[in-house]
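As a basis for the values below, the full set of heavy atoms in this structure was taken, side chains included, without hydrogen atoms, waters or symmetry mates. Nothing here was measured: the structure is a model prediction, and the numbers come from that model.
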Amino acid sequence: VQMSLRNGICQQTPLALMQLSLIAFNNTSGIPFNNAMFVRCIAKNAFLLSDKIKSDKTMLCDTYYSGAGHLESYQSGAKQLRKGFASHLSSGDTNAAFYCATRAIHFSLISAEKDLTSSLKEIDYYLRLLKTYKSELAMEFILFYRETVSTLIDRGERYGIETNSRQEPEPGSRLLEVFYFHAVLRNFWLGYTERCHYFAKKSFAFSKQASAFTFHFYYGLNLIDMCKTKASSLKTKEVDQIIASMRVAASHAETNFRN
């Protein structure tokens, strides 16, 4: 970005701006989303500049949905990410394709964009493709989502398959954050409040800004359930703090956080 300001714009300037918006989005202090207006402005101008100089938008869109895209509708984002998946796959960039696929599944799941049975069919479609387009990391990520969706449908009794997604990864693994996300989600909906509380607390050290709101949301709901059986002033205070932070998030991304 500094080089573009000093020497003039080039084909890489829109992507550099979008990467800057991603860094700003994930590196905030104080109230989360306190720089949302700044992030959204940079991302918008990156797209406008890309249109003007007719640069490639493939990586631009991928970066957008890692950061500023969380400020827009998750349901719309899931649809756009599926288009990105198809575009990358047709061009032979399988790593980018399955990155889009995992983000599409994630956005769809947390926003209830599809019913669970339809989500399971989409996940199985990606898993079938991965038998041809080998990507161990993508396979592991997508299997976490499959395990969660089948658990939410019928506790995996009919639709479950054998996976390792219930085993906690080693410290430092790239899979730790996704493991905690699914552990929180599954245990909350299965009614295991203590387990949900445990994994949510552990997740806070790993989650980035956008995913942290999903963790905090379920952590707060779980705290309310825990307070029904054993209330405490500390838990009540935590619930109030989470409600306040969710209101801030909703003020910047109403479609995603108001509900």
Are Tyr219 and Lys201 close enough that some pair of their side-chain heavy atoms sits under 4.5 Å apart? yes

* **Stepwise side-chain contact (heavy atoms from CB on, under 4.5 Å) check, Leu109 with Leu116** => CA-CA 8 Å; Leu109 179 61; Leu116 292 173; 4.3 Å; yes

Original post:
Given the rule in the side-chain contact (heavy atoms from CB on, under 4.5 Å) test, do Leu137 and Leu175 qualify, once you have shown the distances and angles that lead to the verdict?
Top reply: CA-CA 9 Å; Leu137 185 62; Leu175 296 170; 4.1 Å; yes

In this structure, CD1 of Ile105 is separated from OG of Ser119 (nearest 0.5 Å) by 8.5 Å

ask   = With ring centroids as reference points, do Phe144 and Phe181 lie under 6.0 angstrom apart?
value = no

**Study point:** Sub-4.5 Å side-chain heavy-atom contact between Ile53 and Pro14
**Key:** yes

- Does the side chain of Ser135 come within less than 4.5 Å of Leu130's, by heavy atoms? yes

Closest non-hydrogen contact found for Ser111 with Gln75 is O-NE2, 3.0 Å

Does any part of the side chain of Phe188, heavy atoms only, come nearer than 4.5 Å to the side chain of Phe199, both counted from C-beta? no

- Flag side-chain contact, heavy atom, 4.5 Å: Gln80 against Cys61: no

- Item | Close side-chain approach of Leu143 to Leu127, heavy-atom, < 4.5 Å | yes

Quiz prompt | Test side-chain contact (heavy atoms from CB on, under 4.5 Å) applied to Leu129 and Leu89, step by step | solution = CA-CA 10 Å; Leu129 288 177; Leu89 199 64; 4.2 Å; yes

d(Glu122 CD, Tyr125 OH) to nearest 0.5 Å is 9.5 Å

**Request:** Check whether any side-chain heavy atom of Leu221 sits under 4.5 Å from a side-chain heavy atom of Phe217, and report yes or no.
**Result:** yes

Common cluster, Trp189/Leu120, ILVMFWY with side-chain heavy-atom separation under 4.5 Å = yes

The reported gap from OG1 in Thr132 to NZ in Lys134 (rounded to nearest 0.5 angstrom) is 7.0 Å

Sorted by chain and residue number, the salt bridge (Lys or Arg N to Asp or Glu O under 4.0 Å) partners of Asp124 (sequence neighbours excluded) come out as Arg146

Looking only at heavy atoms, the pair that brings Gln11 and Lys54 closest together is OE1-O, 4.0 Å

Of all heavy-atom pairs linking Leu81 and Cys100, the shortest is O-CB, 3.4 Å

In the structure I gave you, are the side-chain heavy atoms of Tyr64 and Glu72 within less than 4.5 Å of one another anywhere?
yes

Tightest non-hydrogen contact, residues Tyr65 and Phe107, listed as O-CZ, 3.6 Å

Report task. Could you tell me whether the side chain of Arg186 and the main chain of Thr151 form a donor-acceptor pair under 3.5 Å? Result -> no

Ser90 (side chain) donor-acceptor with Ala86 (main chain) under 3.5 angstrom
yes

d(Gln12 CD, Leu60 CG) to nearest 0.5 Å is 10.5 Å

Q. Taking the side chain from Ser21 and the backbone from Met18, do they hold a donor-acceptor pair closer than 3.5 Å?
A. yes

One should read off an interatomic distance between Ile110 CD1 and Leu185 CG, to the nearest 0.5 angstrom, of 9.5 Å

| message | Is it the case that atom CZ in Phe47 sees more than 12 heavy atoms from other parts of the structure closer than 6.0 Å? | response | yes

Margin query: When you compare the side chains of Glu194 and Tyr198, does any donor N or O come within less than 3.5 Å of an acceptor on the partner?
Written below: no

Query raised in the report: Is there a path from Tyr126 to Tyr99 through hydrophobic residues (I, L, V, M, F, W, Y) whose side chains come within less than 4.5 Å of each other?
Result: no

In terms of heavy-atom contacts, Leu71 and Arg40 come closest through O-NH2, 3.2 Å

CD (Gln19) and CG (Leu17) are apart, to the nearest 0.5 Å, by 9.5 Å

Could you check whether atom NZ of Lys79 has more than 12 heavy atoms from other residues, nucleotides or ligands sitting under 6.0 Å from it? yes

_Quick one: does any side-chain atom of Asn222 pair with a main-chain N or O of Tyr218 as donor and acceptor, under 3.5 Å?_
no

Could you walk me through whether Lys114 and Lys121 pass side-chain contact (heavy atoms from CB on, under 4.5 Å), step by step?
CA-CA 11 Å; Lys114 286 186 174 185; Lys121 290 178 181 177; over 6 Å; no

Scanning both residues in full, the closest heavy-atom pair of Lys202 with Tyr180 reads CE-OH, 3.2 Å

